[in-house]
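Residue numbers run from 1 in the order of the sequence given. Side-chain atoms are counted along with the backbone in the values below, which use heavy atoms only and exclude waters and symmetry mates.
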Amino acid sequence: MAGQRIGYARVSSTGQNLEVQLQKLKDCDKIFEEKISGTNQKRPGLEECLNYVREGDVLVITRLDRLARSTLHLCQIAKELESKKVNLQVLDQNIDTGSATGRLLFNMLGAIGQFETEIRAERQADGIKNALTNGIKFGREQKLTDEQITELKNRRKDNVLIRTLMEDYNLSKTSLYRYLSA
């Protein structure tokens with residue numbers, strides 16, 4: 001008995017649209033979709049999809065980066081699919097793990113994707129290091145001046161309530177405690 005074609009579509013944020021992927025997956029018997037970052041550890045739509053597929057099914061995605069966070073994650077998913085005897089079809093990259101050539105291409109593209117991610121992270125780290133060396137500061141500017149911070153700490157030593165200090169300095173509780181511990 002031939003299996004089903006099961007689609008999986010994902011975009012990284014709620015501001016993005018699944019329509020392009022869903023259009024490409026329109027021939028699937030069932031489609032799992034979610035709007036969640038690929039870096040997120042919990043992806044309930046993907047978990048549900050992987051639990052749903054059965055022997056003989058084909059999991060269809062539009063691009064490899066829609067499926068996995070890293071090459072390691074991609075290999076884990078591929079191993080799970082292989083153990084269930086489920087093939088993977090990647091439409092935009094013309095990959096079908098039902099053939100030896102498709103499996104080779106799948107593994108090569110996964111490795112290249114991981115390499116690109118690591119190179120991008122290295123460049124970003126270099127850029128941040130150079131910016132810090134050149135005196136560029138990251139993050140939000142402090143709301144309080146050094147004098148206000150000293151005053152804040154002295155008032156707290158005088159047992160002024162946290163709630164009062166929050167109101168007087170227009171700070172959240174987290175920010176207030178951050179100033180007090182600095």
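- Using a 4.0 Å cut-off between charged side-chain N and carboxylate O, D92 and K24 make a salt bridge.
- Using modelled atom types, no side-chain atom of E118 and backbone atom of F115 make a donor-acceptor pair closer than 3.5 Å.
- Here the straight-line distance linking atom CE of M166 with atom CG of L152 works out to 12.0 Å at 0.5 Å rounding.
- Salt bridge annotation for D96-R103: absent, with no cationic side-chain nitrogen under 4.0 angstrom from a carboxylate oxygen.
- Counting heavy-atom neighbours within 6.0 Å of E80 CD, excluding the residue itself, gives a total above 12.
- Side-chain contact, R156 with Y177: no donor N or O sits under 3.5 Å from an acceptor N or O.
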Problem set entry | Residues L67, I77; criterion side-chain contact (heavy atoms from CB on, under 4.5 Å); working and verdict | CA-CA 9 Å; L67 185 63; I77 292 171; 3.9 Å; yes
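- Heavy-atom contacts from other residues, nucleotides or ligands closer than 6.0 Å to CG of N94 number 12 or fewer.
- If you take CZ on R178 and CG on L180, they are separated by 11.5 Å, rounding to the nearest 0.5 Å.
- Listed for the N17 side chain is a donor-acceptor partner under 3.5 Å among the backbone atoms of E19.
- Looking at R10 and Q21, their side chains never bring a donor and an acceptor atom within 3.5 Å of each other.
- A distance of 12.0 Å separates CG of L81 from CD of Q76, quoted to the nearest 0.5 Å.
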Problem set entry | Audit row: I36, V11, side-chain contact (heavy atoms from CB on, under 4.5 Å) steps and yes/no | CA-CA 6 Å; I36 192 165; V11 290; over 6 Å; no
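- A donor-acceptor pair under 3.5 Å is formed between the side chain of Q93 and the backbone N or O of L64.
- Here the OG1 atom belonging to T62 is positioned 6.0 Å from the CG atom belonging to L25, to the nearest 0.5 angstrom.
- The distance from the CD1 atom of I95 to the CG atom of L104 is 10.0 Å, given to the nearest 0.5 Å.
- To the nearest 0.5 angstrom, I6 atom CD1 is 5.0 Å from Y52 atom OH.
- Applying the side chain to side chain donor-acceptor pair (under 3.5 Å) test between Y8 and each of R43, E48, K30, E33 identifies R43 as the sole match.
- H73 places a side-chain heavy atom less than 4.5 Å from the side chain of L46.
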For this session: Report the C-alpha separation of L105 and T97 in whole Å, then their side-chain angles, then the decisive distance to 0.1 Å, and conclude whether the side-chain contact (heavy atoms from CB on, under 4.5 Å) test is met.
Result: CA-CA 9 Å; L105 187 56; T97 61; over 6 Å; no
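- Screening D168, T150, T164 for a side chain to side chain donor-acceptor pair (under 3.5 Å) with R155, the sole residue that qualifies is D168.
- Side chain of D57 to main chain of R54: a donor-acceptor pair is present (N/O by atom type, distance under 3.5 Å, no hydrogens or angles).
- The main-chain N or O of L132 is never found under 3.5 Å from a side-chain atom of K137 such that the two would form a donor-acceptor pair.
- For the 3.5 Å distance criterion, the side chains of Q142 and Y179 fail to qualify, holding no donor opposite an acceptor.
- Between the side chain of K143 and the backbone N or O of S175 there is no donor-acceptor pair closer than 3.5 Å.
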